[in-house]
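Below, chains carry the letters A, B, ... as their sequence lines are ordered, and counting in each starts from 1. Bear in mind that the values here come from a model prediction, so they are computed numbers and not experimental data.
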2 protein chains.
Amino acid sequence: MHVSSVPASDGSRATASPDGRRSTQAERSARSRSALLESAARGLSGHGYGNLVLERVANEAGYTRGALYHQFKDKEDLALAVIDWVDETWRQEVGRHIDHERDPVLALITLARGHAVFCRRDVARVAMALRLEFSGHDHPVARRLDGVSESLLKRCTRLISAGRRMGTIPPGPPARAVALAFIGAMEGAVIQLAGQAPHDEVLAARAAAGVLGIDHDASTSHPTRRPRGSSPRSADPA
Amino acid sequence: MHVSSVPASDGSRATASPDGRRSTQAERSARSRSALLESAARGLSGHGYGNLVLERVANEAGYTRGALYHQFKDKEDLALAVIDWVDETWRQEVGRHIDHERDPVLALITLARGHAVFCRRDVARVAMALRLEFSGHDHPVARRLDGVSESLLKRCTRLISAGRRMGTIPPGPPARAVALAFIGAMEGAVIQLAGQAPHDEVLAARAAAGVLGIDHDASTSHPTRRPRGSSPRSADPA
DNA sequence: CTGATAACATACACGCATGCATGTATCTTC
DNA sequence: GAAGATACATGCATGCGTGTATGTTATCAG
């Protein structure tokens, strides 16, 4: 599960590239940063921001707090970087697959399924955890979080409006409210299921379809037609 | 919104009963305990356990930490009491209404709607916040939380199984997994909607129905028994 | 009215996590 | 290969929150 949890007790930690060559400074730094980011993401996902202790983050990545404070200005800066990192990863692995989808309904259902698969990693609940911890507060983390959330929210809102214009999504509450519920239901279901495949994917799609008000078999009517390129993709290149 | 947020800067705080009589010790103590519990619930809901600072809890209730440590053994004891208090309130206001419901589907949808209404208060997210903060940890708060969650989960699981036996709920993933997703989707949607009535109620019911795999109008047929699909503007009165 | 006890306030000690300053190893450049 | 820079480790100071001990006020018993 953990990618870089090897404590590397010997002194030769991460000083050699995969190809055997000596690391360049940039490679070394990037690897450290990645390991710290992933460890911090796991920590944030499981403990929240307040309970996150930086020494544990560093240790679980195979470093000390010194490395962490070299890579990141402070705890807040680390959290912001994690948010950006998770957002980026999400866009790569989930958002990308729905960009080319023409049918809004299919795009939204694919989104839900993709999110469920994405959240099988232990990094999943970062967004939900931080949002619960900071929602309504005046804090840089809250603002950054609102930013990425707003982006996804707008995306869903547009898809819902488009679906309604096409008649594939029935009328109901304002599109933005539906989009909020869509995201919440999807994330809530996925979190509770805690990555137990394959039910997480099916039930996330069901919840999503329900919020949209469409017949649930729209989410299961394409059992063979999987979301683009996302076959039983394993959670993590462990 | 706040019930007992008056700081009562003068010395006559809470020494007189509503009827003007001098308070008895028991009344006085009970009122203090209630105020502290409610303040703590708000705090837990908005900040989580780790970020909860007891002096703020006490002050927002009109007391100091002294009163808090007189009523509760420590921070953990306070959190456990809040969990029990919220659970009790939930059973009174939501659970009670579904006990006499014979139709499992209607019971589940009523549960979702009731939960949405219940969560319009600022006390709502306590369960979700603490669950995210403690899930998977070995902590008394986590165990207590698992207890009340398990109770609700079993309830939903039984209702789902009953509905399937009756044929009103279609087959699908294991009932327990569906129940998990049901709770998660319901809570997630409600939290994201943050109590904006009346959409929270409608969309919570939609999400719930979707997870169950039933036609969504089963969730809107409750208030005003509409004929099937003949509602161009089915949204509730804004 | 008076002692006793509960309800609450105030003051202090302790642990702990953060942030920074300093020290050491590794890499780069010339 | 030596000097400079970068990556990282170690030690220290500070702030902050909890828990507890002690002091003060309100209620109760006789």
| task | Please state how far atom CG in L54(A) lies from atom P in dG11(D), giving the value in whole angstrom units. | result | 19 Å
| field | Spacing of Q25(A) atom CD relative to dA5(D) atom C1', expressed in whole Å | value | 8 Å
| said: Under a plain distance cut-off of 3.5 Å, with no hydrogens placed, do S151(A) and R91(A) share a side-chain donor-acceptor pair? | reply: yes
| task | Return the 5'-most residue of the pair R65(B), S29(B) with respect to DNA chain C, ranking by each residue's nearest nucleotide. | result | S29(B)
| message | In this structure, how many angstroms lie between the P atom of dG19(C) and the CD atom of E55(A), rounded? | response | 14 Å
| said: Would K154(B) and E150(B) count as a salt bridge (charged side-chain N to carboxylate O under 4.0 Å, His left out) here? Give the steps. | reply: CA-CA 6 Å; K154(B) 274 201 164 68; E150(B) 184 64 25; 3.2 Å; yes
| Starting at the 5' end of DNA chain D, which residue's closest nucleotide do you reach first, R33(A) or Y49(B)? | R33(A)
| In whole Å, what is the span from the CD atom of E27(A) to the C1' atom of dT6(D)? | 15 Å
| Any Lys/Arg nitrogen of R42(B) or E38(B) sitting under 4.0 Å from an Asp/Glu carboxylate oxygen of the other? | yes
| message | Of the listed nucleotides (dA9(D), dC20(C), dC27(C)), which one gets closest to any side-chain atom of Y63(A)? | response | dA9(D)
| said: side-chain contact (heavy atoms from CB on, under 4.5 Å), that's the test. Do E187(A) and I191(B) meet it? Break it down for me. | reply: CA-CA 11 Å; E187(A) 287 189 341; I191(B) 287 175; over 6 Å; no
| task | Identify which nucleotide among dT10(D), dT18(D), dA9(C) has an atom closest to any side-chain atom of T64(A), counting heavy atoms from C-beta outward. | result | dT10(D)
| message | Whole angstroms only, please: what is the CG-C1' distance between N51(A) and dC16(C)? | response | 13 Å
| request: For dA7(D), take OP1 and OP2 only and decide whether either is under 4.0 Å from a side-chain N or O of S32(A). | output: no
| said: Can you tell whether the side chains of D146(B) and R131(B) come within less than 4.0 Å, N to carboxylate O? | reply: no
| task | Output yes when E76(B) and R144(B) qualify as a salt bridge under the 4.0 Å nitrogen-oxygen rule, no when they do not. | result | no
| query | Do any of residues 67-80 of chain A sit with a heavy atom less than 4.0 Å from DNA chain C, and if so which? | reply | Y69(A), D74(A), K75(A)
| Interatomic distance, R28(B) CZ vs dA7(C) C1' [rounded to whole Å] | 4 Å
| Does E133(B) reach the main-chain N or O of Y49(B) with its side chain, forming a donor-acceptor pair under 3.5 Å? | yes
